[in-house]
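Have a look at the structure below, then the notes.
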Amino acid sequence: MPPFSFEIVAECPHTRARAGLLHTPHGTIETPVFMPVGTQATVKGLTQQALAEDLGVAILLANTYHLYLRPGHELIRQLGGLHRFMSWPNAILTDSGGFQVFSLSGLRKVDEHGVIFQSHLNGDQHTFTPESTVDVQLAFGSDILMVLDECPEYPVSHEYARQSMHRTVRWARQANQHFRSRVAESPGCHALFPIVQGSMFPDLRRECASALLDLDSDGYAIGGLSVGEPRPLSLEAVEATEGILPRSKPRYAMGVGMPAELAEYVARGVDMMDCVLPSRNARNGYLFTSEGRVIIKHNRYKDDPRPLDERCRCYTCSSYSRAYLRHLFQSGEILYAVLATWHNLRRYLDIMREIRHAIISGSFPEYLKCVRPASEDAG
Ligand SMILES: [Zn+2]
């Protein structure tokens with residue numbers, strides 16, 4: 001079996017959900033999987049040991065835009081690649097930087113060759129091309145690389161979304177050709193995923209997915225979600241492409257979602273997801289539990305001796321009370337961010353394990369039914 005491959009171990013006969021194994025040079029990942037976001041080659045607040053050993057994270061995401069600007073891909077290459085640099089034993093997926101260029105950088109200019117942008121750190125001018133972002137991610141040594149894409153904001157006109165989508169497809173072809181020539185001597189050690197765009201227009205989504213099929217990639221991503229659109233539209237955008245993307249390849253819905261939405265994406269054939277929500281919300285005092293959301297600053301928790309989530313087996317819930325967590329939050333203590341992130345990530349990972357178990361045991365439709373009425377609360 002090549003180092004990078006995907007096998008499906010169970011499929012739900014009533015939805016499009018499937019459970020699989022994604023083999024990478026840095027370990028096998030059970031899917032569907034949630035990937036914590038390590039923007040700056042760190043998941044804020046947690047050590048790599050906690051992530052890999054305690055939480056069982058098999059793959060995490062790092063951001064090309066940030067690491068390219070600081071400390072720089074050449075420095076990371078010199079220090080042995082991203083795995084060694086951050087001492088991370090498991091798989092790493094990097095985005096292409098496109099999303100951050102469009103959301104963070106000030107002045108930017110998109111043309112056929114790529115995107116010229118100003119660093120949000122010091123205003124320096126940089127260029128990303130489909131080829132250069134592959135080179136940057138290969139310097140990182142990422143297991144899964146993403147192609148450069150244009151991620152339009154929401155809403156945009158059908159005409160703009162169409163032009164932008166065609167550009168994304170052309171860039172994906174260029175990136176794919178460059179990638180294949182770069183990895184010709186070590187095939188199967190890295191995978192490059194193209195990204196389906198097309199804003200919230202199902203016809204453009206379908207056209208984009210069909211055009212990307214020619215690349216015969218190891219996996220496909222669905223981008224342009226979570227850009228301010230109403231939630232039902234994100235699910236429709238995923239649905240539009242499900243029947244087109246090959247069943248035998250992993251599908252990655254980028255930047256989603258809330259706890260109650262995870263199963264909805266899986267039901268639409270998604271195998272991989274990432275989101276900053278569990279870690280960012282944790283730091284802001286929003287905690288996800290099996291009983292719904294807890295806003296830890298609320299006065300009612302000030303003398304609450306119970307664990308945050310009585311059903312959770314994480315380090316935070318096994319050791320500390322809501323009253324203590326609230327105290328740490330109110331005092332602005334660093335330990336609060338550590339404990340809160342630990343729990344929220346565990347919650348997401350537990351949900352994914354429940355979903356996987358339900359698919360394998362044939363009870364996914366019932367599982368979906370159970371989590372649906374809870375959406376409001378867990379949202
Ligand atoms: Zn917990």
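Numbering starts at 1 and runs along the sequence shown. Counting starts at 1 for both ligands and their atoms, following the listed order.
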Open item on the list: Assess the residue pair R251 and E242 against the criterion (salt bridge (charged side-chain N to carboxylate O under 4.0 Å, His left out)); give the C-alpha distance rounded to whole Å, side-chain angles, the decisive distance to 0.1 Å, and a yes or no.
Closed with: CA-CA 9 Å; R251 293 84 168 267; E242 199 283 329; 3.2 Å; yes
Open item on the list: Is a donor from one side chain sitting under 3.5 angstrom from an acceptor on the other, for D274 and Y252?
Closed with: yes
Task: side-chain hydrogen bond (donor to acceptor under 3.5 Å, both in side chains) against S363, all qualifying residues, sequence neighbours excluded - done: S361
TODO: Only one of T15, T241, L235 passes side-chain contact (heavy atoms from CB on, under 4.5 Å) with R268; say which it is.
DONE: L235
- [ ] Output, by chain and residue number, all protein N/O/S atoms separated from the Zn ion (ligand 1) by less than 2.8 Å.
- [x] C312 SG, C314 SG, C317 SG, H343 ND1
Open item on the list: So that I know where these two stand, are Y367 and H357 an aromatic pair - ring centroids less than 6.0 Å apart?
Closed with: no
TODO: Answer yes or no: are there more than 12 heavy-atom neighbours, outside E153 itself, under 6.0 Å from its atom CD?
DONE: no
